[in-house]
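The analysis underlying the following values was restricted to heavy atoms, covering all of them including side chains, and did not include hydrogens, waters or symmetry mates.
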Amino acid sequence: MNQVRATLKRVANTGSRVLISGPAGSGKEVAARLLHSWSPRASNAFVIVNSARITSERFEQELFGEEQDGKLIRPGLLETADGGTLYLDEVADMPLSTQARILRVLTEQSFVRVGGNRQIGVDMRVVSSTSRDLQKEIEEKRFREDLFYRLNVVPVEIPSLADRRDDIPALATHFFARYAAEQGLPPPEVSEDALATLQAYDWPGNVRELRNVVERTVILSPRDKMQVIEPDMLPAEITEGGVKGGIGLSSLMGVPLREAREEFEREYLTIQIRRFSGNISKTASFIGMERSALHRKLKILGMTERKDED
């Protein structure tokens, strides 16, 4: 994420269009707001066009505004964003007819309101985002290729939370402090075991899911236990969801000790390797093994090798 922030800072002072891609809940809107806040347009509006929530019948009225008999009925989101930033959220959900009009706006820096005939000039920075593969959308004729190249001047990719587990401690600590403050509590300490539990979980909902889990934990935990966050305070799906199909006591009762030990080692190492994003060197250091010994152990247990980075 430091690389993402560095890219956003470099491009903030320019007027270049930015296309932010990444899975749902990964923080694309947060990135867009950061870009706006670091830009010369920060004192002006940051306007969101939620492409997935506006019906195709109302899209152009919402975007371009309406007028009748030369009189303005209601301004559109484009006018609201004049001087600021227009954020096209989930741009792949935009109707094809609207895509054509947006392309013209980007080309001419002006538009015509619905029901009008006057060109309205507009000065705005356009930032867009998508959780879909736009190249595939183009191939399947659902997204205009010429619009893609207009929007994709500076591409920024936000990785899933599972691909940046090193960020989880900082994010979790931030969210715990934020939601504790909302409850009138001092920021709690998050124990190493709790952080390890959070890092081992897959986070299919990405940062949004982590934020929700932390908020729920703060709300439901007794106030006298909020000084230190321990694993047993986290929701069951987090503490029990480290490994799909993980071992349980009942499944071990009918197997010899050697098999039970191997099953435990296999699951333990799976969780630790996942926690350190597949980095064998970091995993070996944490569990107290030589890297070469860990490689041998993984081979004996029949586990797939992961990336090995220093």
Side-chain angles (χ1 to χ4, degrees), residues 1-9 12 18 20-39 41-48 50 53 84-85 87 89-90 127 129 131 156-242 274-277:
M1 287 305 294
N2 284 334
Q3 295 174 357
V4 171
R5 288 169 63 89
T7 300
L8 294 175
K9 281 189 175 181
V18 177
I20 305 171
S21 60
S26 58
K28 297 187 292 297
E29 183 182 327
V30 173
R33 288 185 180 276
L34 272 178
L35 178 64
H36 174 72
S37 69
W38 290 334
S39 76
R41 300 173 181 268
S43 60
N44 295 319
F46 178 88
V47 178
I48 301 174
N50 195 314
R53 294 184 183 176
T85 299
Y87 176 54
D89 186 25
E90 291 300 338
V127 179
S129 73
S131 57
V156 174
E157 184 173 356
I158 309 291
S160 68
L161 191 55
D163 289 334
R164 49 184 171 110
R165 295 177 192 269
D166 287 349
D167 289 345
I168 290 175
L171 287 167
T173 301
H174 165 74
F175 287 136
F176 271 114
R178 170 181 167 183
Y179 290 115
E182 289 184 4
Q183 298 293 317
L185 300 170
E189 178 187 346
V190 188
S191 73
E192 286 297 319
D193 287 345
L195 290 176
T197 302
L198 293 171
Q199 286 181 294
Y201 183 66
D202 262 346
W203 300 109
N206 292 291
V207 179
R208 184 183 296 138
E209 184 183 10
L210 173 62
R211 182 191 64 201
N212 293 345
V213 163
V214 169
E215 183 177 11
R216 190 192 331 167
T217 301
V218 171
I219 291 172
L220 298 181
S221 296
R223 293 206 166 200
D224 60 354
K225 294 183 66 177
M226 277 295 296
Q227 290 85 4
V228 181
I229 305 298
E230 297 290 354
D232 61 357
M233 299 167 67
L234 300 172
E237 69 266 23
I238 306 301
T239 57
E240 299 172 5
R274 177 182 296 172
R275 177 187 177 188
F276 292 104
S277 302

When you compare the side chain of I219 with that of Y179, does any pair of heavy atoms fall below 4.5 Å? no
For E182, is the CD atom crowded, meaning more than 12 foreign heavy atoms sit under 6.0 Å from it? yes
Can you say whether the rings of F46 and Y87 are parallel (under 30°), tilted (30 to 60°) or perpendicular (over 60°)? parallel
With the side chain counted from C-beta on, respond yes when M1 and P159 share a heavy-atom pair under 4.5 Å apart, and no when they do not. yes
E215 and R211: salt bridge (charged side-chain N to carboxylate O under 4.0 Å, His left out), yes or no, with the steps? CA-CA 6 Å; E215 183 177 11; R211 182 191 64 201; 5.6 Å; no
Do V156 and V4 have side-chain heavy atoms sitting under 4.5 Å apart? yes
Is D202 close to R165 at the side-chain level, that is, under 4.5 Å between some pair of heavy atoms? yes
May I have the step-by-step check of side chain to side chain contact (heavy atoms under 4.5 Å, CB included) for F175 and V190, ending in yes or no? CA-CA 11 Å; F175 287 136; V190 188; over 6 Å; no
Test side chain to side chain contact (heavy atoms under 4.5 Å, CB included) on V213 and Y201 and set out the steps. CA-CA 12 Å; V213 163; Y201 183 66; 6.0 Å; no
Considering only heavy atoms from C-beta outward, does the side chain of R53 approach that of E90 to under 4.5 Å? no
Pairwise side-chain contact, S26 with L161, heavy-atom cut-off 4.5 Å (strictly under): no
Side chains of I158 and R164 in contact at under 4.5 Å (non-hydrogen atoms): yes
From CA spacing to verdict: side chain to side chain contact (heavy atoms under 4.5 Å, CB included), W203, I238: CA-CA 9 Å; W203 300 109; I238 306 301; 3.8 Å; yes
Restricting to pairs with a member in residues 209-232, which pass ring-ring contact (aromatic ring centres under 6.0 Å, His included), not counting sequence neighbours? none
Mind checking whether I48 and E29 have side chains closer than 4.5 Å, heavy atoms only? yes
Looking at residues at least two apart in the chain, or sitting in another chain, which of them share a salt bridge (charged side-chain N to carboxylate O under 4.0 Å, His left out) with D193? none
